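One structure below.
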2 protein chains.
Amino acid sequence: MTTDPRVQRTQDRLRQALADLVLQRGYEPITIRELAAAAGVGYATFFRHYPTKDALLLDLLQHSIQELARLLPPGLNADPVEEGRVIFEHAAQHEQFYRILLHSEGTQALLAQIQAVAVAEVLGRFGGQRAPAIPLEILAHHLVASIIALIDWWLQRGQPYPPPRMGQIYAEMIMRPFLALAGGERR
Amino acid sequence: MTTDPRVQRTQDRLRQALADLVLQRGYEPITIRELAAAAGVGYATFFRHYPTKDALLLDLLQHSIQELARLLPPGLNADPVEEGRVIFEHAAQHEQFYRILLHSEGTQALLAQIQAVAVAEVLGRFGGQRAPAIPLEILAHHLVASIIALIDWWLQRGQPYPPPRMGQIYAEMIMRPFLALAGGERR
DNA sequence: TAGCTTATGATACACTGTGTATCACAAAAA
DNA sequence: TTTTTGTGATACACAGTGTATCATAAGCTA
């Protein structure tokens with residue numbers, strides 16, 4: 001196990017430096033030399049921890065996801081409007097993470113993984129009931145993709161509506177049609 | 001204007017070589033040297049026509065778009081099911097184009113442009129009627145993003161349903177909720 | 001504290017790919 | 001034919017990646 005505090009320190013510095021640089025100038029133009037310098041770390045040291053820049057990006061996002069998972073409110077299943085409001089409050093509070101995840105090249109694999117996890121969650125929650133007219137797999141993908149697209153739209157335009165309003169829109173435009181087609185919740 | 005047949009020949013070869021290579025091994029790992037060799041063109045000649053690999057990719061896609069625009073059936077506004085079927089027939093016939101556009105890095109700008117054009121089209125078609133409960137801008141973005149996501153899902157999984165079935169799904173899952181919220185067509 | 005282990009910093013280096021410059025040659029245009 | 005212009009081939013400068021090496025410092029253990 002890697003409990004050496006020097007390792008932790010180096011990796012923390014690299015993750016933090018990457019987060020800073022990505023928000024300043026985007027992901028692609030960053031060089032590893034520049035990244036190591038910003039982290040206050042030797043150039044060769046980078047490769048002792050990560051084989052590529054993409055590997056560091058994935059590690060950064062996975063750490064962020066674990067932090068977010070700890071903060072995520074556990075029971076979102078009550079009111080769709082309230083559920084949507086919580087989602088968009090969360091997106092507003094962690095805008096940096098979402099922007100990096102949604103718009104840095106090199107995150108498509110991770111985003112696809114996250115999406116797959118969310119789809120599986122939806123499938124599990126709506127799985128065992130009367131067969132819907134549209135395959136549930138398609139409905140689940142449509143639901144997840146729609147939520148991601150709406151968050152992306154909202155953040156890219158500087159949050160033009162407050163989270164409670166976005167919660168209403170989410171409930172009416174996304175969840176209500178989905179529930180009508182999937183047939184309401186179960187278990 | 002560039003009517004020199006040598007220029008046309010060189011650029012055609014480069015576009016064709018890029019299309020072939022992208023489908024074989026993806027976009028990013030292709031080098032310009034390799035591309036020029038595959039096109040049967042000198043290495044330096046590449047830079048006489050395109051400043052970067054991305055520029056060639058955009059040129060290739062824009063040429064493809066122009067071809068597709070010529071083939072696009074003019075009146076899609078009749079039956080949503082039929083409209084959806086036509087869309088997915090089109091996606092099946094031009095799968096290569098869609099896959100490159102949707103999954104090559106370096107196409108996000110172009111994809112965003114196409115999406116913006118489609119959104120504007122929707123806004124124009126549903127613009128001047130009773131104000132919907134949800135801002136039409138959001139509805140239009142949701143509609144366009146949903147269609148793109150559904151096409152992407154379908155192609156990535158090897159077209160698991162035939163186009164007529166996808167047309168039904170499109171009508172029921174995407175268009176019907178949209179029309180209910182946007183308030184039906186006009187003009 | 002002393003001694004061992006391991007991560008780090010610094011540097012040099014080979015390697016790959018980009019983009020430019022040059023020049024002789026071939027193809028198109030007048 | 002003469003002129004113009006695109007092309008092929010080559011050499012080159014440059015930037016960025018990934019590896020190797022070694023002295024030093026930080027952390028662990030007795």
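In what follows, every chain begins at residue 1, and chains take the letters A, B, ... in the order their sequences are listed. What's counted below: heavy atoms across the whole structure, side chains too, no hydrogens, waters or symmetry copies. Keep in mind it's a predicted model, so treat the numbers as computed, not measured.
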*Picking from D:dT17, D:dT7, C:dG19, which would you name as closest to the side chain of B:Arg33?*
C:dG19
*Test: A:Glu67 and A:Arg70 ion pair at under 4.0 Å*: no
*Can you check the B:Phe47 CZ to D:dT10 P distance for me, whole Å?*
17 Å
*Got a salt bridge between A:Asp12 and A:Arg9, using NZ or NE/NH1/NH2 to carboxylate O under 4.0 Å?*
no
*Rounded off to whole Å, could you give me the CD-to-P distance for the A:Glu28 and D:dG16 pair?*
14 Å
_Suppose we call a contact any N or O donor and acceptor under 3.5 Å apart; does that hold for the side chain of A:Arg48 and the base of C:dA7?_
no
*Indicate, yes or no, whether a donor-acceptor pair under 3.5 Å links the base of C:dG19 to the side chain of B:Tyr43.*
yes
*To the nearest Å, how far apart are A:Gln11 CD and C:dA7 P?*
11 Å
*asked:* Counting only side-chain nitrogens and oxygens, does B:Thr45 get under 4.0 Å of the OP1 or OP2 atom of D:dG8?
replied: yes
*Provide, to the nearest angstrom, the distance between the CG atom belonging to B:Asp4 and the C1' atom belonging to D:dT3.*
14 Å
*B:Arg9 CZ - D:dT7 P separation (whole Å)*: 7 Å
*Proximal nucleotide (of C:dG9, D:dG27, D:dG18) relative to the A:Val41 side chain*: C:dG9
*Output yes when at least one side-chain N/O atom of B:Thr31 is less than 4.0 Å from OP1 or OP2 of C:dG17, else no.*
no
_With a 4.0 Å cutoff (strictly under), does any side-chain N or O of A:His49 reach OP1 or OP2 of C:dT8?_
yes
*Side-chain-base donor-acceptor pair under 3.5 Å for B:Arg6 and C:dA27*: yes
*Taking CD1 from B:Ile30 and P from C:dT18, how many angstroms apart are they, rounded to a whole number?*
11 Å
*For A:Ala44 and for B:Gly42, locate the closest nucleotide of DNA chain D by heavy-atom distance; then report the residue assigned to the nucleotide nearer the 5' terminus.*
B:Gly42
*Roughly, in whole Å, what's the span from NZ in B:Lys53 to P in C:dG19?*
10 Å
*Between B:Arg165 and B:Gln168, is any side-chain donor less than 3.5 angstrom from a side-chain acceptor?*
yes
*Please state how far atom OH in B:Tyr50 lies from atom C1' in C:dT18, giving the value in whole angstrom units.*
18 Å
*Show the numbers, then the answer: is there a side chain to side chain donor-acceptor pair (under 3.5 Å) between B:Thr45 and B:Arg48?*
CA-CA 5 Å; B:Thr45 300; B:Arg48 294 181 176 121; 3.2 Å; yes
*A:Thr10 side-chain N/O to C:dT8 phosphate OP1/OP2 under 4.0 Å*: yes
_Aromatic centroids of B:Phe88 and B:Trp154 separated by under 6.0 Å_ = yes
